[in-house]
A.B. asks: 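Attaching a single structure in structure tokens format; questions to follow.
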Amino acid sequence: MSARTSRLLTPDTAALVTGMAYGDDSALSAGAKEALRTAGLTHLTAVSGSNVALVFLLGVQSLRWTRCPRAVTLAVGGVVVGGYAALVGPEPSVLRATSMGLLSGTAMVLGRGRTASATLWFSIIALLCADASMAGNVGFILSVLATAGILLQGPSAQRILSVVLPEIVADVVAMTIVATLWCTPVLLWVSGFWSGYSVAANVAVAPVVPVATVCAIVGMLATPLPLVADAATMCAGWGAGWIESVAEVVARWPGARIPALGGLAPVAIATLLSTVSALIIVRLDPARSHSMETIRAADSPQMCDRSVRFAPPFLSSGDASATSPKQS
């Protein structure tokens with residue numbers, strides 16, 4: 001695939017395509033790497049839980065129009081992810097990303113935060129039992145945070161965005177926003193600077209990332225069919241070119257990279273800002289508004305009056321008189 005991308009695309013775009021396909025970004029220039037880092041887009045060149053979740057969601061959404069049972073669409077998504085993981089290679093980081101991505105994608109489809117959260121904790125314990133050294137690995141910590149954010153707030157963010165965006169776009173953008181919010185404190189601690197436009201940059205590339213990723217994978221798989229492979233690689237190159245342009249533009253904006261002060265104060269501030277943003281998502285969730293309206297309706301005088309008039313049949317008039325105060 002490297003030979004094909006080098007033949008059809010510019011050097012940095014070609015390196016970005018291979019990075020999105022199977023995590024090899026070694027050919028990226030120093031300037032491109034720095035621009036991606038400043039814009040908060042370096043995760044796109046690694047096999048991360050977010051990428052796996054995108055592959056899962058695309059597999060699920062590809063069958064949504066057929067009105068297949070949900071179990072079938074989830075199974076197809078799982079098969080697509082399994083094929084992707086086998087293609088990239090069964091390395092520890094890939095297995096970690098696969099487990100986290102499957103959890104995130106399933107939570108986005110089902111919207112069942114509690115069950116998925118319990119599964120997340122089980123997966124964390126299992127991964128740490130298999131390799132305890134991952135506890136201090138930044139990649140593992142970021143995967144856990146991104147997955148937890150998607151599980152707990154992905155469905156809420158998706159419901160908010162689906163009011164103005166198509167469902168598949170709302171899924172991707174919501175996942176990007178909550179994962180970025182939850183990972184910001186750790187990213188600040190690791191990088192030592194504020195990425196002022198990280199959320200905006202990730203949202204700008206979110207609609208393009210799934211298409212570019214899938215086309216890159218198709219270009220890698222379709223090697224026996226040169227015309228198909230070339231077309232898919234060109235399509236992936238178009239998406240990668242957009243990502244590269246966003247990173248370069250954002251990196252030049254004022255305040256794109258603000259050095260953080262020493263100590264834990266910047267991390268605490270970032271945690272506070274992320275928490276406030278998370279609370280805003282909860283407040284704006286349409287499902288929450290609907291639940292509050294239902295509770296208010298249940299507490300209204302009309303509902304209380306109905307509950308009295310439609311008393312249980314076992315409460316006879318004699319029983320009611322027996323419980324009332326005696327009249328003199």
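Scope of the values below: all heavy atoms of this structure, side chains included, with no hydrogens, waters or symmetry mates. On a predicted model such as this, the values are computed, not experimentally measured, just so you know.
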A.B. asks: Might you point out which heavy atoms bring C183 and L145 nearest each other, and give the distance in Å?
C.D. replies: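 Between these two residues, the closest heavy atoms are SG-CB, 4.2 Å.
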A.B. asks: What is the distance from atom CD of Q158 to atom CD1 of I177, rounded to the nearest 0.5 Å?
C.D. replies: 11.5 Å
A.B. asks: Which atoms form the tightest heavy-atom contact between L181 and P185, and what is the distance?
C.D. replies: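 Of all heavy-atom pairs spanning L181 and P185, the closest is O-CD, 3.8 Å.
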A.B. asks: Are V205 and W253 linked, directly or through other ILVMFWY residues, by side chains that come within less than 4.5 angstrom of each other?
C.D. replies: yes
A.B. asks: With sequence neighbours left out, which residue pairs that include part of residues 237-250 fulfil the side-chain hydrogen bond (donor to acceptor under 3.5 Å, both in side chains) condition?
C.D. replies: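 Every side-chain hydrogen bond (donor to acceptor under 3.5 Å, both in side chains) pair that includes a residue of residues 237-250, provided the two are not neighbours, is T13-E244.
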A.B. asks: Group every Ile, Leu, Val, Met, Phe, Trp and Tyr by side-chain heavy-atom contacts under 4.5 Å, then state whether V163 and L284 land in the same group.
C.D. replies: yes
A.B. asks: List for me each residue that meets ring pair (Phe, Tyr, Trp, His ring centres under 6.0 Å) alongside W189, sequence neighbours excluded, and say none if there are none.
C.D. replies: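 Checked W189 against ring pair (Phe, Tyr, Trp, His ring centres under 6.0 Å); zero matches.
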A.B. asks: When you compare the side chain of T18 with that of M220, does any pair of heavy atoms fall below 4.5 Å?
C.D. replies: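 Not in contact.
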A.B. asks: Would you compute the distance between atom CE of M234 and atom SG of C215 and round it to the nearest 0.5 angstrom?
C.D. replies: 11.5 Å
A.B. asks: Listing request: all side-chain hydrogen bond (donor to acceptor under 3.5 Å, both in side chains) pairs with a residue in residues 71-80, at least two apart in sequence or in separate chains.
C.D. replies: none
A.B. asks: Does anything in residues 159-180 pair up under ring pair (Phe, Tyr, Trp, His ring centres under 6.0 Å), and if so which pairs, sequence neighbours excluded?
C.D. replies: none
A.B. asks: Quick one: side chain to side chain contact (heavy atoms under 4.5 Å, CB included) partners of V282, sequence neighbours excluded?
C.D. replies: Q153, R288
A.B. asks: Over all heavy atoms of both residues, which pair between A232 and G219 is shortest? Give the atoms and the distance, please.
C.D. replies: CB-N, 3.6 Å
A.B. asks: To the nearest 0.5 Å, how far apart are CG in L36 and CG in L28?
C.D. replies: 6.5 Å
A.B. asks: Looking at every non-hydrogen atom in both residues, tell me the closest pair between A270 and T184 and how far apart they are.
C.D. replies: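 Residues A270 and T184, closest heavy atoms: CB-CG2, 4.3 Å.
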A.B. asks: Please round to the nearest 0.5 Å and tell me the distance separating atom CE of M20 and atom CD1 of I243.
C.D. replies: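 Result: 4.0 Å between the selected atoms.
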A.B. asks: Quick one: list whatever passes side-chain hydrogen bond (donor to acceptor under 3.5 Å, both in side chains) with T38, sequence neighbours left out.
C.D. replies: R257
A.B. asks: Please report the shortest heavy-atom distance between G77 and V60, naming the atom on each side.
C.D. replies: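 Closest heavy-atom pair between G77 and V60: CA-CG2, 4.1 Å.
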A.B. asks: Determine whether a donor-acceptor pair (N or O, by modelled atom type, separation under 3.5 Å) exists between the side chain of D285 and the backbone of I160.
C.D. replies: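 It does not hold such a pair.
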A.B. asks: Restricting to non-hydrogen atoms, name the atom on A212 and the atom on G239 that form the minimum distance, rounded to 0.1 Å.
C.D. replies: CB-CA, 4.0 Å
A.B. asks: Restricting to pairs with a member in residues 198-236, which pass ring pair (Phe, Tyr, Trp, His ring centres under 6.0 Å), not counting sequence neighbours?
C.D. replies: none
A.B. asks: Do C235 and V211 have side chains that get closer than 4.5 Å, going by heavy atoms?
C.D. replies: yes
A.B. asks: Is there side-chain contact between P69 and V72, with heavy atoms separated by less than 4.5 Å?
C.D. replies: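 A side-chain contact exists here, since the closest heavy-atom pair is under 4.5 Å.
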A.B. asks: Sequence neighbours excluded, which residues qualify as side chain to side chain contact (heavy atoms under 4.5 Å, CB included) partners of A201?
C.D. replies: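 Counting only residues at least two positions away or on another chain, A201 forms a side chain to side chain contact (heavy atoms under 4.5 Å, CB included) with A39, L41, V246, V250.
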A.B. asks: Among residues at least two apart in sequence or on other chains, which ones pass side chain to side chain contact (heavy atoms under 4.5 Å, CB included) with I258?
C.D. replies: W194
A.B. asks: Give me each pair satisfying side-chain hydrogen bond (donor to acceptor under 3.5 Å, both in side chains) with a member in residues 267-277, each pair once, sequence neighbours excluded.
C.D. replies: none
A.B. asks: Just verifying a value: how many Å separate R37 CZ and T42 OG1, rounded to the nearest 0.5 Å?
C.D. replies: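 Result: 8.0 Å between the selected atoms.
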A.B. asks: Honestly curious: do F193 and L188 fall in one hydrophobic cluster under the side-chain, below-4.5 Å linking rule?
C.D. replies: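 Different clusters.
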A.B. asks: Any chain of hydrophobic side-chain contacts (each under 4.5 Å) joining W182 to L279?
C.D. replies: no
A.B. asks: Partners of A216 by side chain to side chain contact (heavy atoms under 4.5 Å, CB included), sequence neighbours excluded?
C.D. replies: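 Side chain to side chain contact (heavy atoms under 4.5 Å, CB included) list for A216, sorted by chain: M1, V17, A21, A236.
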A.B. asks: Do N202 and V209 come close enough that some side-chain heavy atom pair is under 4.5 Å?
C.D. replies: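 Not in contact.
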A.B. asks: What about L8 and L16, same hydrophobic cluster or not, with Ile/Leu/Val/Met/Phe/Trp/Tyr joined at side-chain heavy-atom distances under 4.5 Å?
C.D. replies: yes
A.B. asks: List for me each residue that meets salt bridge (charged side-chain N to carboxylate O under 4.0 Å, His left out) alongside R7, sequence neighbours excluded, and say none if there are none.
C.D. replies: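 R7 satisfies salt bridge (charged side-chain N to carboxylate O under 4.0 Å, His left out) with D230 once adjacent residues are dropped.
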